[in-house]
Number of protein chains: 2
Amino acid sequence: MGLDKKISVAVIKRLPRYYRYLSDLLKLGITRISSKELSIRMGITASQIRQDLNCFGGFGQQGYGYNVEHLYNEIGNILGVNNKFSFIIIGAGNMGQALANYANFEKRGFIFTGIFDVNPDLIGKKINNREVMDMSNLDEFVKNNKIDIAMLCVPYDQTPIVADKVARLGIKGLWNFSPMDLKLPYDVVIENVHLSDSLMVLGYKLTQKLKNSQ
Amino acid sequence: MGLDKKISVAVIKRLPRYYRYLSDLLKLGITRISSKELSIRMGITASQIRQDLNCFGGFGQQGYGYNVEHLYNEIGNILGVNNKFSFIIIGAGNMGQALANYANFEKRGFIFTGIFDVNPDLIGKKINNREVMDMSNLDEFVKNNKIDIAMLCVPYDQTPIVADKVARLGIKGLWNFSPMDLKLPYDVVIENVHLSDSLMVLGYKLTQKLKNSQ
DNA sequence: TAGATTGTTAATCGATTAACAATC
DNA sequence: TAGATTGTTAATCGATTAACAATC
């Protein structure tokens with residue numbers, strides 16, 4: 001219980017990427033791969049791959065490499081794709097609708113369970129086979145259904161209010177799309193998607209590029 | 001011309017976050033701030049803030065700290081918010097529409113210039129004051145307008161094809177929303193938003209949380 | 001068996017933090 | 001001036017890479 005050696009967030013963040021590459025290899029019908037070969041495909045060092053994987057266990061075999069399907073399944077287990085985490089979306093605007101329709105999440109074990117809004121024009125609208133519910137029904141819905149994750153796609157000023165509400169209802173995972181760092185006094189896991197931050201990094205790199213080509 | 005000492009990507013990625021916090025301070029009417037005070041608000045060390053800022057210049061004053069407005073403007077300049085980069089969106093599905101309507105980008109100096117799709121049901125539809133254009137008009141449009149950035153919101157299998165097309169047209173910045181690492185043989189800046197990677201990291205953390213609370 | 005490739009320890013590199021002289 | 005706080009150098013920490021014995 002919590003005594004495992006601490007695994008750095010840098011390693012964790014690479015896991016989904018390994019998972020994607022292994023999925024591609026599977027689709028290509030490739031059954032085994034060495035850290036060397038994978039390192040070339042991914043553009044990282046073989047050493048890093050072996051170090052990363054050995055944080056979780058010895059999945060390979062000397063002289064052979066890694067069995068693609070086995071490694072794929074193991075990383076899936078580490079990431080919890082079999083946990084079937086259920087999620088609701090708060091805010092049924094374009095972003096909320098986009099997430100509701102994103103089939104990839106289902107494939108990775110995240111189950112779309114409900115979507116909420118305050119806008120009467122949206123309430124009742126069917127999105128990916130589910131009707132948008134009124135926010136006033138959120139409490140009851142969460143009490144009657146096991147909900148693991150809430151995706152927050154509400155306007156900026158509503159975000160802290162909704163985040164607080166959702167955390168009080170006992171939801172343990174928050175996926176935040178507002179350009180704001182959520183801090184909650186609850187035992188909640190928060191993952192931020194700061195789109196404008198990412199775009200500004202692109203802007204910075206473009207600016208550098210322009211400078212250097214002059 | 002490219003002779004500046006290399007600034008690490010870790011520093012760059014923190015700049016938009018500084019920019020956000022300084023914007024908040026401005027709105028609160030706070031005119032000066034010390035690295036100490038800012039470090040408390042942001043949950044990082046004062047030392048890191050001073051190191052980061054000094055990659056770009058001495059923006060502070062001993063005994064006083066930093067002038068909020070000045071620092072805000074300086075970081076804005078570094079990030080290139082005054083470059084007024086124009087962008088087009090390829091793919092007018094929910095994600096494309098969400099990005100087209102995201103006012104935050106405009107505020108940060110990114111100008112919404114056009115949106116394209118192949119779906120006849122979407123072509124002609126007005127999104128944030130612009131009609132969705134037919135993909136077959138992309139070449140002409142890009143030739144007649146200075147376009148800096150293309151945001152790719154197309155289906156998985158279309159992504160590499162569209163990315164290649166866009167790069168050939170001379171667009172220098174790509175913002176990719178597909179769960180795929182783009183590699184292009186052109187001199188193009190690519191920034192990825194891998195939503196399912198981010199969600200899987202949340203899934204991992206939730207899984208750990210469940211384990212540790214048992 | 002010989003060759004290949006892992007798992008793992010040691011070395012290196014880079015990023016973060018601490019310390020403090022400079023100075024507003 | 002005295003106190004505060006920067007800019008910057010030095011120390012520490014952690015992450016990446018290299019090396020190689022173990023072994024399939």
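Chain letters run A, B, ... following the sequence lines, proteins first, then strands; residues in each count from 1. Here the structure is a predicted model, which is why all the values come from computation and not from measurement.
The nearest whole Å value for the distance from the CG atom in A:L71 to the C1' atom in C:dT6 is 13 Å. Atoms CZ (A:F59) and P (D:dT23) sit 19 Å apart, rounded to a whole Å. In this structure, B:N54 places its CG atom 5 Å from P of D:dG7, rounding to the nearest Å. Computed from coordinates, the B:N67 CG to D:dA4 P distance equals 21 Å when rounded to whole Å. B:K6 has its NZ atom 10 Å from the P atom of C:dA15, to the nearest Å. Rounded to an integer number of Å, the gap from CG of B:L38 to P of D:dT5 is 13 Å. The CD atom of A:E37 sits 16 Å away from the C1' atom of C:dT6 (whole-angstrom rounding). Going from atom NE2 of B:H70 over to atom C1' of D:dT6 covers 14 Å, rounded to whole Å.
For C:dG7, neither phosphate oxygen OP1 nor OP2 lies less than 4.0 angstrom from any side-chain nitrogen or oxygen of A:R50. One finds a side-chain N or O of A:S35 lying less than 4.0 angstrom from the OP1 or OP2 phosphate oxygen of C:dT6. Within the structure, a side-chain polar atom (N or O) of B:R14 is placed less than 4.0 Å from OP1 or OP2 of C:dT16. Contact between the side-chain N/O atoms of B:Y64 and the OP1/OP2 oxygens of D:dG7 is not found at any separation under 4.0 Å.
Checking C:dT6, D:dT17, D:dC24 against the side-chain heavy atoms of A:S34 singles out C:dT6 as nearest. Taking the side chain of A:S47 as heavy atoms from C-beta on, and the options C:dT6, D:dT6, D:dA19, the nearest nucleotide is D:dA19. Taking only side-chain atoms of B:S8, from C-beta outward, the nucleotide of C:dA15, D:dT23, D:dT17 with the closest atom is C:dA15. Listed candidates were C:dT6, D:dA10, D:dG7. Nearest to the side chain of B:Q51 is D:dA10. Here the side chain of A:A10 is nearest to one of D:dT16, D:dT8, D:dC24, namely D:dT16. Closest approach to the B:Q48 side chain among D:dG7, C:dT17, D:dT17 is made by C:dT17 (side chain taken as heavy atoms from C-beta onward).
The partner of C:dA21 is D:dT6, judged by Watson-Crick or G-U wobble contacts that both fall below 3.5 Å. Nucleotide D:dG14 has C:dC13 as its partner under the Watson-Crick or G-U criteria, with both atom distances under 3.5 Å.
For the pair B:R17 (side chain) and B:M42 (backbone), a donor-acceptor distance under 3.5 Å is present.
Side-chain contact between B:F112 and B:I89 is present, with heavy atoms from C-beta onward closer than 4.5 Å.
Comment: A:K165 engages A:D139 in a salt bridge, judged by a side-chain N to carboxylate O separation of less than 4.0 angstrom.
Taking the ring centre of B:Y186 as origin, the terminal cationic atom of B:R168 falls outside the region bounded by 6.0 Å and 45° from the ring axis. Geometrically, A:R41 does not engage A:Y21 in a cation-pi contact, judged by NZ or CZ lying under 6.0 Å from the ring centre and within 45° of the ring axis.
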